[in-house]
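First up is the structure itself, then whatever we jot down about it.
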Amino acid sequence: MTTSAPLENGQLTRDSVRLAEHLFRHESGKLVSLLTRTFGVDRLQLAEDVVQETLIRALQTWPYYGIPDNPAAWITQTAKNLALDHVRRENNFRDKEPNIAASAHRWTAEPGDASESIFFDDELSDNRLRMMFACCHPLIPQDARVALTLKTLCGFNIPEIAKAFLTTEAAVAKRLTRARQRIREARIPFEIPTGDEVLVRLESVEQSLYLLFNEGYKASVGESLIREELCREAIGLTNLLTQHPVGNQPRTHALLALMLLNAARLPARLDADGHILLLKEQDRSLWDQSLVAQGMAHLARSAAGDELSAFHLEAGIAACHCMARDYASTDWPRILSLYDRLAELDDSPVVALNRAVAIAQVHGPQAGIEAVESIPKRAQLFTYHLLYAVLGEFESQLDNHAAAATHFRRALDLTEIKSERLFLLARIQDCESRNGR
């Protein structure tokens, strides 16, 4: 495999690091699925370690020898070789070597014709579905299922998972350890379940995909507020799920509708300089109408049956925004009624905080503040920067600029995202200037 020529300056180093990290995020779930399919789900830790080691190899070699012409193939080939090296050291490898070697060869072999390529793509899709359902097996502790899926299939790191669950990194690490141990002890199969067991696991699979999309829509760590590759990955996996008989359920279509409708607004969420634009500031002509149409189609398909899930309600809220011609015509009473019903299904403090925003739109900012203060699990939001950003907006609308600035400063202390920090700094400066008048 040829590589590009190394550069004299540090540009190649920066490019190679960015590319390696991007590919690791994008390809790690596929690689873990392939490795697990070949070597067994009881070797999940081995699969994760091999993928991590592959990233390290890329970061060590690409800056000096150049970026490969086909970086994804390089990563796959390296992961295959490392996995085979590990397994060869085991005493029982000899019995399995022919099957493993034949399967591993197919990972990187050039397809001889179109049908062979299609077969490989189908197998890859099947493996990823198997991995999703294996991670969400009922024998794995419930609080660890989604975390394990995010870690193994979606490439999340522990800090990202901790932020998604509003918990500590130590708690997440403990969950992952328990989950891997349970997989080994129970010899959990690498398969797509059938019968009643499907519905038991499907909820955890959907929750993992939901969190994956949310991390892309509003990142919890890193330089960028939006990580479109995560949104695309979540949409692709959810679409894959809806196309399989086990996932072709109304609630899964509702989840996909929610993702598509929210993704349609991504092009307008930041200005040309990367600064956050509030909903009322966005140029709605930039919204992707093709995604809106797809989202509405899946929302219609989700209406089959009698089930009303949280995904149905959230997709309905997203549809209200997408159908409004402009900000002034947004049907906030309808959105509030949907949040009222959502709060009955999901007592999450984040849902309650979003509901408070809708309350403020309908009944005014003081009612919004009172709604925030009445959130039952509000203590879980004390390290969540959007709690203080929302309170800052409410106080600002009431012309309590000193109080608003205090909230915005607290929010600033709790976020590392550049665009959010710039937004909050601007709000603080505006409050200070208004307070000084």
Side-chain angles (χ1 to χ4, degrees), residues 25 28-29 32 44-45 48 52 131-132 134-183 200-201 203-222 224-225 227 230-231 233-234 255 258 310-311 314 342-343 345-357 372-391 407 410-417 420-421:
R25 169 72 77 175
S28 61
V32 169
L44 177 59
Q45 184 66 64
E48 291 183 45
Q52 184 69 39
M131 190 75 246
M132 279 192 256
C135 289
C136 295
H137 195 283
L139 291 177
I140 297 174
Q142 186 171 9
D143 64 353
R145 295 173 197 166
V146 177
L148 184 63
T149 303
L150 294 175
K151 179 69 170 66
T152 60
L153 192 65
C154 305
F156 272 43
N157 58 39
I158 289 178
E160 289 170 334
I161 299 173
K163 285 182 178 292
F165 284 105
L166 300 178
T167 189
T168 65
E169 294 180 24
V172 170
K174 187 178 294 184
R175 292 180 191 180
L176 293 172
T177 299
R178 288 204 312 270
R180 295 188 188 102
Q181 182 178 354
R182 191 62 181 143
I183 286 174
V200 174
R201 288 199 240 175
E203 184 175 350
S204 294
V205 170
E206 291 168 338
Q207 186 66 16
S208 301
L209 296 172
Y210 175 75
L211 291 175
L212 175 62
F213 181 86
N214 286 350
E215 181 63 22
Y217 189 78
K218 200 205 76 63
S220 57
V221 295
S224 302
L225 175 72
R227 300 168 69 174
L230 295 189
C231 292
E233 180 79 355
L255 173 59
L258 170 62
F311 297 139
E314 289 194 56
L342 180 59
L345 296 178
D346 184 354
D347 63 353
S348 160
V350 174
V351 169
L353 181 62
N354 291 333
R355 177 176 174 272
V357 173
V372 171
E373 291 175 343
S374 66
I375 294 176
K377 301 178 182 179
R378 189 158 60 100
Q380 294 183 23
L381 298 174
F382 287 167
T383 59
Y384 187 48
H385 76 282
L386 288 181
L387 168 66
Y388 305 99
V390 166
L391 287 172
H407 286 305
R410 179 59 179 150
L412 182 65
D413 291 338
L414 291 172
T415 182
E416 299 175 358
I417 304 295
E420 289 183 330
R421 293 184 62 83

Please name the pair of heavy atoms, one in [X] and one in [Y], separated by the smallest distance, quoted to 0.1 Å.
X    : Y    : answer
I375 : L353 : CD1-N, 3.8 Å
A389 : A411 : N-CB, 3.9 Å
I158 : A173 : CD1-CB, 4.1 Å
V372 : A356 : CG2-CB, 3.7 Å
A144 : A179 : CB-CB, 3.9 Å

Original post:
Ignoring hydrogens and geometry, is there a side-chain-to-backbone donor-acceptor pair from R182 to P141 under 3.5 Å?
Top reply: no
**OP:** Determine yes or no for a side-chain-to-main-chain donor-acceptor pair under 3.5 angstrom, with E48 supplying the side chain and Q45 the backbone.
**Re:** no
Would you indicate whether the side-chain heavy atoms of [Y] and [X] approach each other to under 4.5 Å?
X    : Y    : result
Y210 : L258 : yes
K151 : R180 : yes
V205 : T149 : no
L342 : N354 : no
C135 : T152 : yes
L211 : E215 : no

Which value, rounded to the nearest 0.5 Å, describes the distance between [X] atom [atom1] and [Y] atom [atom2]?
X    : Y    : atom1 : atom2 : answer
E169 : N157 : CD    : CG    : 8.0 Å
F311 : D346 : CZ    : CG    : 9.5 Å
T167 : R175 : OG1   : CZ    : 5.0 Å
L176 : K174 : CG    : NZ    : 12.5 Å
R227 : L212 : CZ    : CG    : 9.5 Å
L148 : T177 : CG    : OG1   : 10.5 Å

Original post:
Considering residues, nucleotides and ligands other than E203, do more than 12 of their heavy atoms fall under 6.0 Å from its CD?
Top reply: no
Original post:
Quick one: salt bridge (Lys or Arg N to Asp or Glu O under 4.0 Å) partners of R421, sequence neighbours excluded?
Top reply: none
Original post:
D347 pairs by salt bridge (Lys or Arg N to Asp or Glu O under 4.0 Å) with which of R355, R378, K377?
Top reply: K377
Under 3.5 Å donor-acceptor pairs involving side-chain atoms of residues 379-388, not counting sequence neighbours:
unit_1, atom_1, unit_2, atom_2, d
H385, NE2, E420, OE1, 3.2
H385, NE2, E420, OE2, 3.1
Y388, OH, F382, O, 2.8

**OP:** Show your working on side-chain contact (heavy atoms from CB on, under 4.5 Å) between E160 and L150 and close with a plain yes or no.
**Re:** CA-CA 9 Å; E160 289 170 334; L150 294 175; over 6 Å; no
